[in-house]
Structure formats: structure tokens, C-alpha cells
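Below: the structure, in C-alpha cells.
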Number of protein chains: 4
Amino acid sequence: MFTRRQQEIVEAAIDLIAEDGIQNLTIKNLSRRIGVTEAAIYRHFESKLDILLAILTFFREQQTALFQSIQQQHHRALDRLKTFFIERFRQFTRKPALAAVIFSEEIFQNDPRLVKMINEIMDMTLKYVRGVILEGQSAAEIRTDISDEQLSLMALGGMRLLVARWHLSDHPFDLLQEGERLWEAIQQILEV
Amino acid sequence: MFTRRQQEIVEAAIDLIAEDGIQNLTIKNLSRRIGVTEAAIYRHFESKLDILLAILTFFREQQTALFQSIQQQHHRALDRLKTFFIERFRQFTRKPALAAVIFSEEIFQNDPRLVKMINEIMDMTLKYVRGVILEGQSAAEIRTDISDEQLSLMALGGMRLLVARWHLSDHPFDLLQEGERLWEAIQQILEV
Amino acid sequence: MFTRRQQEIVEAAIDLIAEDGIQNLTIKNLSRRIGVTEAAIYRHFESKLDILLAILTFFREQQTALFQSIQQQHHRALDRLKTFFIERFRQFTRKPALAAVIFSEEIFQNDPRLVKMINEIMDMTLKYVRGVILEGQSAAEIRTDISDEQLSLMALGGMRLLVARWHLSDHPFDLLQEGERLWEAIQQILEV
Amino acid sequence: MFTRRQQEIVEAAIDLIAEDGIQNLTIKNLSRRIGVTEAAIYRHFESKLDILLAILTFFREQQTALFQSIQQQHHRALDRLKTFFIERFRQFTRKPALAAVIFSEEIFQNDPRLVKMINEIMDMTLKYVRGVILEGQSAAEIRTDISDEQLSLMALGGMRLLVARWHLSDHPFDLLQEGERLWEAIQQILEV
DNA sequence: TATGAATGAGATTTCATTCAT
DNA sequence: AATGAATGAAATCTCATTCAT
């Protein structure tokens, strides 16, 4: 789907945003980081907007793959959720820049196509988590006195807030470790 | 603290950001909206950065006031939390633009002073919620089998995610109503 | 001729130029230094140009006074020259800012009225020194094998260069003392 | 060292300053004169400051070359000085703009890097002239009753003042011719 | 005499993008 | 596939100046 060069550009773009915010993502900075001319970027992407779209596409595909792999490997709802959460924390630990970008939806507000895609991704995630919770409720694994909607809000919201704190104050703690503790708490709350 | 004109500018700035993201906040747009020249803005703020700082200051002061008022009016931990959550949802319903700005910490990343202030605000909020939860745990109002840290992450995180969804998809539901439902769930989870 | 406030403005203007060059002389800086509003400056001078003209006028008058006083107090050419040189060095030592301004004719290039005045001042000085030298030559005090024109160029030029060096490298030596040594040399050269 | 375009820009900058002073050197004027957009200038120099530095670098290199060529071609001190003086007058006659710029040290006062470079150049020149005079004194070509320091001040100072007059009053005489007359006088003074 | 509020013009610089080579 | 040179538009900010109070 993406050529090697395109991937390189997308990764550099994510890094730039992570380092100093969206305003830091300019074609000049991008080309400098990769070591080519500004003009060269346009061999690989038609416009800056396309680069931003590529970032989101990249993330969406990764997430879709994660969902599928989870569905195949685990069958109990709580196991699925646990894998999803822990895997995400692991991802962010490996590539912190992604955290900076993917939870900052406001960054992409300036174009309708971007807004649409961000919405899709957020929807997809929420729907997945809600779906698994619903399954868990049907299977009597997860409490039913609170709706799947509220439970997913708190679970996902907790995760996002933890990641946001971690990123904003420059990774002052071990995200994976804290993530596991958060998951313990979430599990305790979800369980019947 | 702020003159009338300065307040006007800060509000216009919040609106501009809310409408189309940070990139929409230019001195030109700002001055046009207020109906003065670009140069006139600089009579009231030394630089654009100072306007952004003023937005954060404004929010911080509002929040500090809210905290104080809550502490005086309510004494049970769960009442305090409820008021905090509901009042926030009400605030965002009244001034949706604020939601767009205040939960988008990444927007302000490009200057150390801004990052510092954003961190302060986030810390302040988390500490407040954790503090009240701790009180509730001491008073046997709130469960103690999950730590105040994890509980506050889920509660605040849930709220942030709800607001983010609401803002991103252009206010498709009644935030106050959904907020109350979320609070019900949070309360159910916190209670002993 | 100039009101007290006007004098204050002129002095502040000289200081500003001396500190960081002509670009540092803005109405804003000027008013800030004096402690009034920008608008207030315009009560005392019609325009910035008039302030620059006032600086030159101020200097010209000071110099005219010096010339007259010298003519009255001394009668031998070499005494007159000596007083002129030493007095100038003393002046610059007392008010270093003046040196920065008055020997930087290029500063005033952007307006014909300023250029005209600068030329007048330079002409006046050169003519004075040449005149005194001529007198000295007639009175057989000063050598006649080199013309008054060349002698005045070297004498005045030497002084200007010494002052320029002193000002540019932030007053690293005692100007008056070095000035006296330079004068000794000049005198030795002028004498029959 | 400098590309062709960069040289072109430097020359245009010198001309602009010569015509109407530093305030006339704007990126707009510069680009207009060269026939490109303002943005194009920034392809060749990172900032306006760099252009000013380039002017000084250009002059310094020219001067260094002149020094070396003189040292190789002449061996008597007075010949060396003569060549230096006359060559300089010739230079200014050929490129009058340079005179306007290079003797107006105050113009560059607003940046420490510029001040430093101006000082270097002035020092270099004074040291060269003093050095040659010292040699002449050792070789009994030049009088020793006045120190090299005072002699160089008068010689160089005289030259600077002549050039300043010539430039300020719009080249009303033949600089080379007057320069030669000044040199005659200087020589007469230096000789034993 | 001075201020507070404003302005139009213009400064430097950056941006995404284009195009001939 | 990449570069070198350029551009038009726009960004932030500064300037001298004005005017009602």
C-alpha cells in the first residue's frame, strides 16, 4: 500500500508532531529530517494533507490488525480486553510519538477529510470495546448493572488519560507498568 | 486582572480554536472577529503566546473558583465529585468552545511556557479529584479495594472521552444529559 | 529654544542611538525611557524627524559656543587647536553617547534635511580647524610646507578615528588621556 | 564560498545602503532590485543578518588579499603604505557604495555578531598600518620621534575623513586625485 | 500636558507548492 | 527519483502617527 519512502515520511511526520506539536510538521522540517529536498516529498505525496491522512490510515490499519489478532487468539471477553489494553500500552511505549498524535484529535480539525477519518477511528475503537463488553455481559463474565456504554467510556477514557499524562510530562513513569495497574482496576470493576 | 478588551480577545481566541483548530487562531482572524486592526491586538497583548497563556489562565481561575465553591457548599465526597462533574458538563454545554481547547493539550505543545501551564492545570484537576476520593475512602463513602489513583483516572478519563466525542462529532447529543448518565455509572462504581 | 521636556527627549534619543544604533531609536523606546506615552512625545515634537534635527541642532550650538569661547580665550593658533581637541575629548568622555551619534553621519542619510545639516556641521568644523591652521601658518606658528587642507584632514581624522575605536569597543581605554597623547603628536607635526 | 546569487545579493545590499542608508536595506527593496520575490532571498541567506555579515566578510577578504599582495610586491615600508592608501582610494572610486558602508561602523551596531566583525576589521586594518610603520621605523625610513600608534591614527584617520566627506556630499571631487594629495602629505610627515 | 485606543503601512520570515532539469 | 530555484500567500510583529478625552 505505502512504498518504503512513504512509510519513512509518515514516520518522520509522526515524530515531528510528537516532538513539538502539529506546528512543527512542515514540509521543510520533514524533508530535512529525511535528508531530501522539499520538492522530493512531493514525489511521494501529493500534498501535506495526504501525509496526515496517511498517518491516520497507518494507525487504523494497525488497530484493525490488532482487533483481528485478538479475536483469533482469545475467546473470553476479559482476555480480549486485557490484550487490547496491554497491547496498546506496549505500542505507545515502543513508539511514544504515536501517543502524541493519535489521542490529539484536535490536531486534525482543519480539514473535513481529516475530521471524518479521526471520527471513524474513534468510533471503531469505542465500538470494538463496547462489543467485547456486551459479549462479556451476555456470557455473564461482566457485570450488567452498568451499561456497556458507560463501562467502555470509563475504561477507554482511563487509558487515554493515563497516556496523555505520560506524554505531556515527558514520560516520567513506566507506561506499561502503570498501564497494567490500571488494567487491574478496570478488570476489578468490570467483573461480575 | 484582564481588561475588558483582553477578555474579549481571549473569548474570541477560544472560539476561533474551537471552530477550526489552532491553525485558525491567527492575529488576522482574531482582529477581524473583534473588529479592529491586527496592530490593535498588540495594544492588549504583547504576543500571540500571551493570548494563549491568557486562555489557560482564564480556565485555571474558573476551575479554582469551582473547587472552592464546591468545598464550601458540599461536605460528602460523593456530593463534591458529583457537583464537580455535573458543573463541568454544564460549563461545556454553555461554552462548547472551551471543551475544544481545554482538553486538547497537544495544541499548546510548541512553547515550554504553555506546556508548563497545561501540566499544572491537568495536575491540579487530577489532584483535586484524587483528594476528594481519598476523603471519601477515609469516610467509608468510597470503596477502598481500588486505589484513589486508578479511580480518579477512570472517572476523569471517562468524562474527558465523553466530551471529546461530543465535540469531535459536532455535538450530536445532549452533553449534560449524557454526562449525568455517566456520573450515575461513576457513582455506582465508587460507592462502597 | 528647547523646552525642558524637549531637551529630555533629545538626550534620551541620543542615548538610545548610542546604545544600539539608530534602529533602536523608536518612539516607543523613547517614550518608555522617559516614562510617558508614545502620544506624549508628539506634544513636544511634530515628528521623529524633528527629534533627529534637534539632536544635530543641539550639537551644532554646543560647537558654535565652543568655537566662540576658544576665540575669546586664546590667541595663539596652537592653543586654540589644543583647546578645541582636548575640549572635544572631554565632552565625549562626559557624554559618550554623543560620540556614537555625531561621528556616524551615515545614520542620518535617510532624509535630505538631515543630510544637509550633517554636511553643514562637518563643513563648519573642518573650516574652523582649517581657519585656525591658516592663521597659525601666517603667524609662522605652523609649518607651511603642507597645506592647511591636508593638515586639518589628518588632525581631525585622527581624532575621529580615536573616538570611533573607543566607542566601538566599548570604552576600553581612557579617552581623555589617549586624546592628550594624540594631541601631543598632532602638535609636534604642526609646529614649524 | 559565496554562490553567484549570493554575491549578487551582497552587491545589491551594498548599493542600497549606499544610496539611502541602512533603513533602505529591506528584503523587499533587495528582492525588487534583483528581480525576484522576497521569499527567493531566503533561499540564499537564512536571514537579513546573514546578508550584513556577508558584506563584512566580503570586505574583509578583499582587504586580506590586498595586504598579502602588498607584502609580496613591495618591500620598503613607505611603498607599502602608499600602495595601501592609493589602492583603497581606487577601490572606493570604482565602487563608491563600499565607502558608504564600510566606514559607517555605527550602522551595524544592533547585533553583537556584527559589532564583533566590525571590530575585527578595524583592528586588522590598524594593526596592519601600525606594523608597517614600525618596520619603517626600524629601517630608519620613518621618523621615530612620534609613536607608530599616533602616526597610524593620523594617517588612517585622514583617509577615513576624506572618504567620508566625499561620500556625504555626493562625490563632489575626484577622490583618487585628492587621495594622492593626502598621501603626499602623509608621506612628508612620516619620512625621517 | 498627557493618556488610551487605534490605525495603515510595512518589516521579516515561513509556508505549501511548482517546475525545469 | 531527486534537486535547485523560485513563488504567492500569509504569518507575526513593529513603526510612526492620530485623535478623542
Side-chain angles (χ1 to χ4, degrees), chain A residues 3-6 8-9 22-31 34-52 110, chain B residues 3-6 8-9 22-31 34-52, chain C residues 3-6 22-31 34-52 110, chain D residues 3-6 8-9 22-31 34-52:
Chain A
T3 67
R4 190 149 309 208
R5 232 338 176 218
Q6 280 178 319
E8 196 183 356
I9 292 171
I22 245 296
Q23 327 235 24
N24 197 36
L25 176 62
T26 67
I27 301 293
K28 188 178 198 169
N29 287 350
L30 203 46
S31 57
I34 293 179
V36 296
T37 339
E38 293 160 76
I41 301 288
Y42 287 89
R43 279 273 139 204
H44 304 282
F45 285 101
E46 286 209 346
S47 73
K48 188 178 166 181
L49 181 65
D50 287 304
I51 298 176
L52 290 167
N110 57 341
Chain B
T3 66
R4 189 146 312 202
R5 244 310 189 236
Q6 280 177 320
E8 196 183 355
I9 291 172
I22 269 283
Q23 327 236 25
N24 195 38
L25 177 62
T26 67
I27 302 294
K28 183 170 232 139
N29 286 350
L30 204 45
S31 57
I34 294 180
V36 296
T37 344
E38 290 168 72
I41 301 288
Y42 287 90
R43 284 254 141 217
H44 303 281
F45 284 100
E46 286 209 345
S47 71
K48 187 178 165 179
L49 181 67
D50 286 303
I51 299 176
L52 290 168
Chain C
T3 67
R4 189 147 309 206
R5 231 340 175 218
Q6 281 177 319
I22 245 298
Q23 327 235 27
N24 197 36
L25 176 62
T26 66
I27 301 293
K28 188 178 197 167
N29 287 350
L30 203 46
S31 57
I34 294 178
V36 296
T37 336
E38 292 160 76
I41 301 288
Y42 288 88
R43 278 275 139 205
H44 304 281
F45 285 101
E46 286 210 344
S47 72
K48 187 178 165 180
L49 181 65
D50 287 304
I51 298 175
L52 289 167
N110 58 341
Chain D
T3 67
R4 190 146 311 203
R5 245 309 190 234
Q6 281 177 320
E8 196 182 356
I9 291 171
I22 270 282
Q23 327 237 25
N24 197 36
L25 176 62
T26 66
I27 302 295
K28 183 170 232 136
N29 287 349
L30 204 45
S31 57
I34 293 180
V36 296
T37 344
E38 292 167 71
I41 301 289
Y42 287 89
R43 282 256 141 215
H44 303 281
F45 284 100
E46 285 209 346
S47 71
K48 188 177 166 180
L49 180 68
D50 287 302
I51 299 176
L52 290 168

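Atoms considered below: every heavy atom in the structure, side chains included; atoms not considered: hydrogens, waters and symmetry mates. Sequence lines set the chain letters: A, B, ... in the order given, protein chains first and strands last, and positions in each chain run from 1.
Paired regions of DNA chain F, where each region holds three or more successive Watson-Crick or G-U pairs whose two hydrogen-bonding distances fall under 3.5 Å, are E:2-21 with F:2-21.
Taking atom CG of residue C/Leu30 and atom C1' of nucleotide E/dA2, one finds them 15 Å apart after rounding to whole Å. Distance, D/Arg4 CZ to F/dG4 C1': 16 Å, rounded to whole Å. In this entry the distance linking CD1 of D/Ile9 with P of E/dT12 reads 14 Å, nearest Å. Between D/Ile22 atom CD1 and E/dT12 atom P the separation is 11 Å, expressed in whole Å. Here E/dT7 presents its P atom at 20 Å from CD1 of C/Ile27, a figure rounded to the nearest Å. Here the C1' atom of nucleotide E/dT3 and the NZ atom of C/Lys28 are 16 Å apart, to the nearest Å. Atom CD of A/Gln23 is separated from atom C1' of F/dA10 by 14 Å (rounded to the nearest Å).
Considering all non-hydrogen atoms of both residues, C/Thr26 and C/Lys48 come closest at CA-NZ, 4.5 Å. A pairwise comparison of heavy atoms in A/Gln6 and A/His44 identifies NE2-O, 2.8 Å as the closest pair. Residue C/Tyr42 comes nearest to C/Ile27 through the heavy atom pair OH-CG1, 3.6 Å, listed as atom of the first residue, atom of the second, then distance.
A side chain to side chain contact (heavy atoms under 4.5 Å, CB included) with A/Leu30 is found for exactly one of A/Leu25, A/Asn24, A/Val36, namely A/Leu25.
When each of B/Val36 and D/Leu25 is assigned the nucleotide of DNA chain E bearing its nearest heavy atom, the one mapping closer to the 5' terminus is B/Val36. Residue-to-nucleotide proximity on DNA chain E shows that, of C/Glu38 and C/Arg5, the 5′-proximal contact is made by C/Arg5. Mapping C/Ala39 and A/Gly35 onto DNA chain F by nearest heavy atom places A/Gly35 closer to the 5' end of the strand.
Of the residues in residues 41-52 of chain C, C/Tyr42, C/Ser47, C/Lys48 come within less than 4.0 Å of DNA chain F through at least one heavy atom, sorted by number.
A distance of 6.0 Å separates CD1 in B/Ile51 from CD1 in B/Ile9, rounded to the nearest 0.5 Å. Atom CD of residue C/Glu46 and atom CD1 of residue C/Ile41 lie 14.5 Å apart, to the nearest 0.5 angstrom.
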